[in-house]
Visitor: 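Dumping the structure here so I can ask a few things about it.
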Amino acid sequence: MSVDAVPENLLAWYDAHHRRLPWRAAPGEAPTDPYRVWLSEIMLQQTTVAAVKPYFDRFTTRWPTVTDLARADEGEVMAAWAGLGYYARARNLIACARAVADDHGGRFPDSEAGLRALPGIGDYSAAAIAAIAFGRRAVVVDANVERVASRLFAFDEPLPKARPALRALVDRITPDARAGDFAQAMMDLGSAICTIRAPQCLLCPLRDGCAARIAGNPEDYPVKAAKKAKPQRLGTAFWIEDGARVWLVRRPDKGMLGGMRALPSGPWTDEDPGLADAPVDAPWREAGSVDHVFTHFALRLRVVTAVQALSANDGEWWPIDEIEQAGLPTLFARAAARAIASRV
DNA sequence: CACACGTGGCC
DNA sequence: TGGCCAAGTGT
């Protein structure tokens, strides 16, 4: 199979085997509302389809259009995003919705360059939205496409440094027509057939032209640069309650879990901070600790509790029996669960 | 440009 | 079970 035959074979496979997803139009159907395409692409950044589905349903039910989202209360959007991770996406989501509403008359730009200028939309998302929502030819390269293409061409230069060279190869196989279906077909193929481990080459529509399969080592692709070791950090979270309510703060926009509601907590470092960052003097009780692994460090967060009056400006009392609605990111949801379990 | 930035699932 | 990885973006 030559390179020229890739789009035809892949699209025929997609017509027969495409996944049905809430944000996707089937081949031949009218394209999905650009708002839904955009929302799904932002949620899917570094995030699995299974994790995104319930969030996508809740967001589109609560905010059916980009204008609705643009008018939404920022804190409510952040709380609705809680648990999905990479919270800068949620801050950029709001900024993008407001830019579309205020600067573009409530309609998404229909060109890759126009989309690329919006907050939270990078090279990948601009290409994907242009292709999927607007039928534009665009070279869409995500981790699935990198894996499929690097195997197809037996491309063995280490990523991410060699990403531009790999993108040039993807450009060669991207068709002018059905660019959106082609991009989604590459992703479905990467998800179902051309998997990280144990790829199902016998079922692959591109097997006859795949250099890595012919060489017998598809699992050796893509080649990636070595990763750095994760440091271990230590911190303390403070559960302060008045009996029925707990004291919550909002974390600064910059930095870890930025903009999210949280338990008070000092900086996380390689030294155990103990009670040094306590927001108030209190007879602290140990409630155990939570181990949590982030992208670039591991954290052991000690949880201490106290029943204490507290008056401060930068925080709020939250009913403990409604803690699930506070929109805590997973780390602090786990810390809160630890504190609640330790109550007498 | 290398690094910061979450979470859960997989083996 | 600890390491790897995911429909990346911003700085």
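Below, read A as the first sequence line, B as the second, and so on, with proteins coming before strands; counting in each chain starts at 1.
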Visitor: Let's see if you get this right: which residues in residues 45-68 of chain A place a heavy atom under 4.0 Å from DNA chain C?
Guide: A:Q45, A:Q46
Visitor: Salt bridge check, A:E29 against A:R20: does any charged N sit closer than 4.0 Å to a carboxylate O?
Guide: yes
Visitor: Can you measure A:R233 atom CZ to B:dC5 atom C1' for me and round it to whole angstrom units?
Guide: 11 Å
Visitor: Report the residues that fulfil side chain to side chain contact (heavy atoms under 4.5 Å, CB included) with A:A101, sequence neighbours left out, ordered by chain and then residue number.
Guide: A:A70
Visitor: Can a donor-acceptor pair be found between the side chains of A:N144 and A:R147 at a distance below 3.5 Å?
Guide: yes
Visitor: Would you please name every residue forming a side-chain hydrogen bond (donor to acceptor under 3.5 Å, both in side chains) with A:D242, sequence neighbours left out?
Guide: A:R245
Visitor: Check every strand shown and say whether A:I132 touches a base, only sugar-phosphate, or nothing at a heavy-atom separation below 4.0 Å.
Guide: nothing
Visitor: Quick check for you: name the first and last nucleotides of DNA chain C, 5' to 3', having an atom under 4.0 Å from a heavy atom of chain A.
Guide: C:dC5 to C:dG10
Visitor: Between the side chains of A:D188 and A:S191, is a donor N or O closer than 3.5 angstrom to an acceptor N or O?
Guide: no
Visitor: Under 4.0 angstrom, heavy atoms only, what part of the nucleic acid is A:M256 near: base, sugar-phosphate, or nothing?
Guide: sugar-phosphate
Visitor: What's A:K227 touching, base or sugar-phosphate or nothing? Going by heavy atoms closer than 4.0 Å.
Guide: sugar-phosphate
Visitor: With heavy atoms under 4.0 Å as the rule, sort A:W23 into base, sugar-phosphate or nothing.
Guide: base
Visitor: Quick one: is B:dT7 close enough that its OP1 or OP2 comes under 4.0 Å of any side-chain N or O from A:H292?
Guide: yes
Visitor: Classify the nucleic acid contact of A:I42 as base, sugar-phosphate or nothing, counting any heavy atom under 4.0 Å across all strands shown.
Guide: nothing
Visitor: Assign A:K224 to base, sugar-phosphate, or nothing according to its heavy-atom contacts below 4.0 angstrom with the strands shown.
Guide: sugar-phosphate
Visitor: In this structure, which one of A:D291, A:D270, A:D272 forms a salt bridge (Lys or Arg N to Asp or Glu O under 4.0 Å) with A:R300?
Guide: A:D291
Visitor: Using a 4.0 Å heavy-atom cut-off across all strands, classify A:R91 as base, sugar-phosphate, or nothing.
Guide: nothing
Visitor: With a 4.0 Å cut-off on heavy atoms, is A:P160 in touch with a base, just the backbone sugar-phosphate, or nothing at all?
Guide: nothing
Visitor: Which residues within residues 120-127 of chain A lie with some heavy atom under 4.0 Å of an atom in DNA chain C?
Guide: A:G120, A:I121, A:G122, A:D123, A:Y124, A:S125
Visitor: NA contact type, A:R19, heavy-atom cut-off 4.0 Å: base, sugar-phosphate, or nothing?
Guide: base
Visitor: Using heavy atoms and a sub-4.0 Å distance, could you list which residues of residues 164-199 of chain A are near DNA chain C? By number, please.
Guide: A:M187, A:I196
Visitor: For A:H296 and B:dC3, is the shortest distance between a side-chain N/O and OP1 or OP2 below 4.0 Å?
Guide: no
Visitor: For B:dG6, does the base pair up with any side-chain atom of A:T330 as donor and acceptor (N or O, under 3.5 Å, distance only)?
Guide: no
Visitor: Which part of the nucleic acid does A:V293 contact within heavy-atom distance under 4.0 Å: base, sugar-phosphate only, or nothing?
Guide: base
